[in-house]
Student: 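Provided herewith is a single structure, encoded as structure tokens, for subsequent inquiry.
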Amino acid sequence: MATGHADPQRRERILAATLDLIADEGVAGVSHRKIAARARVPLGSMTYHFSGIDELLREAFRLFTDHIVELFDTHLSAPADRDQARAAVADLIHTLSDGSRRDLVLTQELYTLAARQPSYRELTHAWMARSRIHLEKHFDPDTARQLDALIEGLTLHRALAQEPHDRALTLEAVTRITTTESS
């Protein structure tokens, strides 16, 4: 195996392998040995790059939340008016729910960790705040908070439903929330 100097992407591979392992086996299945094997790095690389499994999990989940916030940015940076923003939110919900099962599992694993361990709540709070920044480009802060919760809920419901609802219902829900805003 390559040394750190000849393998400048090692840390990133470890983080990606961590997320893949979490998606496959859950947080409970994570170990330094399994991650090192999956990333194809020496076991010693784990402690060289991370002080422990907790730091590794936090960094991996931070990388994951960056990915989701990028999706928010992709969908919500272009709309020029309120109707376009509503359509963009509906599209985002369908992108997230029709997208990667990996992302769905990682989201739920992070929420489970945050529900059990306050230190991970800081990460989810930061993620939610970053998501709402994109929503607040088009909607007042209270409406953005409601939309953020709607996005999470409808994404989960669509992803797990045997017969997911269509885009028209999603757009109707987004419109109802954004029509009654107090701005």
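Keep in mind that the numbers below use all heavy atoms, side chains included, and drop hydrogens, waters and symmetry copies. These figures come from a predicted structure and were not determined experimentally.
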Student: Kindly list each side-chain donor-acceptor pair under 3.5 angstrom involving residues 122-130, sequence neighbours excluded, with atom names and distances?
Tutor:
unit_1, atom_1, unit_2, atom_2, d
Thr124, OG1, Arg121, O, 2.9
Arg130, NH1, Asp66, OD1, 2.8
Arg130, NH2, Asp66, OD1, 3.1

Student: Taking salt bridge (Lys or Arg N to Asp or Glu O under 4.0 Å) as the criterion, tell me which of Arg102, Arg101, Arg38 meets it with Asp24.
Tutor: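 Testing each of Arg102, Arg101, Arg38 against Asp24, the sole residue satisfying salt bridge (Lys or Arg N to Asp or Glu O under 4.0 Å) is Arg38.
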
Student: State, with a plain yes or no, whether a side-chain heavy atom of Thr107 is found less than 4.5 Å away from one of Leu156.
Tutor: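 Heavy-atom side-chain distance check fails, nothing below 4.5 Å.
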
Student: Between Glu152 and Tyr111, is there a side-chain heavy-atom distance shorter than 4.5 Å?
Tutor: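 Yes. Closest side-chain heavy atoms under 4.5 Å.
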
Student: Could you tell me whether Arg62 and Glu59 make a salt bridge, using a distance below 4.0 angstrom between a side-chain N and a carboxylate O?
Tutor: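 Salt bridge flag = yes for Glu59 with Arg62.
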
Student: Phe72 and Leu171: same hydrophobic cluster, using ILVMFWY side-chain contacts below 4.5 Å?
Tutor: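 Shared cluster, no.
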
Student: Please report the shortest heavy-atom distance between Asp103 and Ser100, naming the atom on each side.
Tutor: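 Between these two residues, the closest heavy atoms are N-OG, 3.0 Å.
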
Student: Hey, does His75 have a side-chain heavy atom less than 4.5 Å from the side chain of Val89?
Tutor: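 No - every pair of side-chain heavy atoms lies 4.5 Å or more apart.
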
Student: Do the side chains of Asp83 and Arg86 get close enough for a salt bridge, i.e. N-O under 4.0 angstrom?
Tutor: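 Judged by the 4.0 Å cut-off on N to carboxylate O distance, Asp83 and Arg86 do form a salt bridge.
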
Student: Applying side-chain contact (heavy atoms from CB on, under 4.5 Å) between Leu110 and each of Thr65, Leu57, Val105, report the one that passes.
Tutor: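 That would be Thr65; it is the only one of Thr65, Leu57, Val105 passing the side-chain contact (heavy atoms from CB on, under 4.5 Å) with Leu110.
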
Student: Of Leu147, Asp98, Thr155, which meets side-chain contact (heavy atoms from CB on, under 4.5 Å) against Ile93?
Tutor: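 Testing each of Leu147, Asp98, Thr155 against Ile93, the sole residue satisfying side-chain contact (heavy atoms from CB on, under 4.5 Å) is Thr155.
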
Student: Can you see which heavy atom on Glu109 is nearest to which on Gly26, and at what distance?
Tutor: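 That closest heavy-atom pairing would be OE2-CA, 3.5 Å.
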
Student: Kindly compute the distance separating OG1 (Thr175) from CZ (Arg82), expressed to the nearest 0.5 Å.
Tutor: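 Between Thr175 OG1 and Arg82 CZ, I get 10.5 Å after rounding to 0.5 Å.
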
Student: If every non-hydrogen atom of Leu154 is compared with every non-hydrogen atom of Ala173, which pair is closest and at what distance?
Tutor: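 Minimum heavy-atom separation between Leu154 and Ala173: CD1-CB, 4.1 Å.
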
Student: Any chance the side chains of Ser77 and His134 put a donor and an acceptor closer than 3.5 Å?
Tutor: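 Not at all, the side chains of Ser77 and His134 share no donor-acceptor pair under 3.5 Å.
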
Student: Would Val30 end up clustered with Leu104 when hydrophobic side chains under 4.5 Å apart are linked, directly or stepwise?
Tutor: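 Different clusters: Val30 never reaches Leu104 through Ile, Leu, Val, Met, Phe, Trp or Tyr contacts under 4.5 Å.
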
Student: Run the side-chain hydrogen bond (donor to acceptor under 3.5 Å, both in side chains) test on Thr170 and His165 for me, step by step, so that the C-alpha distance in whole Å, both residues' side-chain angles and the decisive distance to 0.1 Å come before the verdict.
Tutor: CA-CA 8 Å; Thr170 303; His165 67 270; 2.8 Å; yes

Student: So which atom in Val69 and which in Ser131 form the shortest heavy-atom distance, rounded to 0.1 Å?
Tutor: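 Scanning both residues, the minimum pair turns out to be CG2-OG, 4.1 Å.
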
Student: If you define the side chain from C-beta out and look only at heavy atoms, does anything of Val174 sit under 4.5 Å from Ile151?
Tutor: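 Result no, sub-4.5 Å side-chain heavy-atom pair not found.
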
Student: Treat each ILVMFWY residue as a node, draw an edge where side-chain heavy atoms are under 4.5 Å apart, and state whether Tyr48 and Leu15 are in one component.
Tutor: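 No, because Tyr48 and Leu15 fall into different hydrophobic clusters, even though each may have its own neighbours under 4.5 Å.
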
Student: Test: side chain to side chain donor-acceptor pair (under 3.5 Å). Region: residues 26-36. Which pairs qualify, not counting sequence neighbours?
Tutor: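 For residues 26-36, and leaving out neighbouring residues, the side chain to side chain donor-acceptor pair (under 3.5 Å) pairs sorted by first residue read Glu25-Lys34.
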
Student: Taking the side chain as every heavy atom from C-beta outward, state whether His157 and Pro164 have any pair of such atoms under 4.5 Å apart.
Tutor: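 No. Closest side-chain heavy atoms not under 4.5 Å.
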
Student: Can a side-chain donor-acceptor contact be found between Asp81 and His138 if the only test is distance below 3.5 angstrom?
Tutor: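 Not at all, the side chains of His138 and Asp81 share no donor-acceptor pair under 3.5 Å.
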
Student: Arg132 and Asp142: salt bridge (Lys or Arg N to Asp or Glu O under 4.0 Å), yes or no, with the steps?
Tutor: CA-CA 10 Å; Arg132 284 194 303 267; Asp142 289 341; over 6 Å; no

Student: Could you report the tightest heavy-atom contact between Leu21 and Gly29, atom names first, then the distance?
Tutor: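 Smallest interatomic distance, heavy atoms only, reads CD2-O, 3.9 Å.
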
Student: Does some side-chain heavy atom of Phe61 sit less than 4.5 Å from a side-chain heavy atom of Val27?
Tutor: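 A side-chain contact exists here, since the closest heavy-atom pair is under 4.5 Å.
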
Student: What are the two closest non-hydrogen atoms of Ala85 and Phe139, and how far apart are they?
Tutor: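 Smallest interatomic distance, heavy atoms only, reads CB-CZ, 3.7 Å.
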
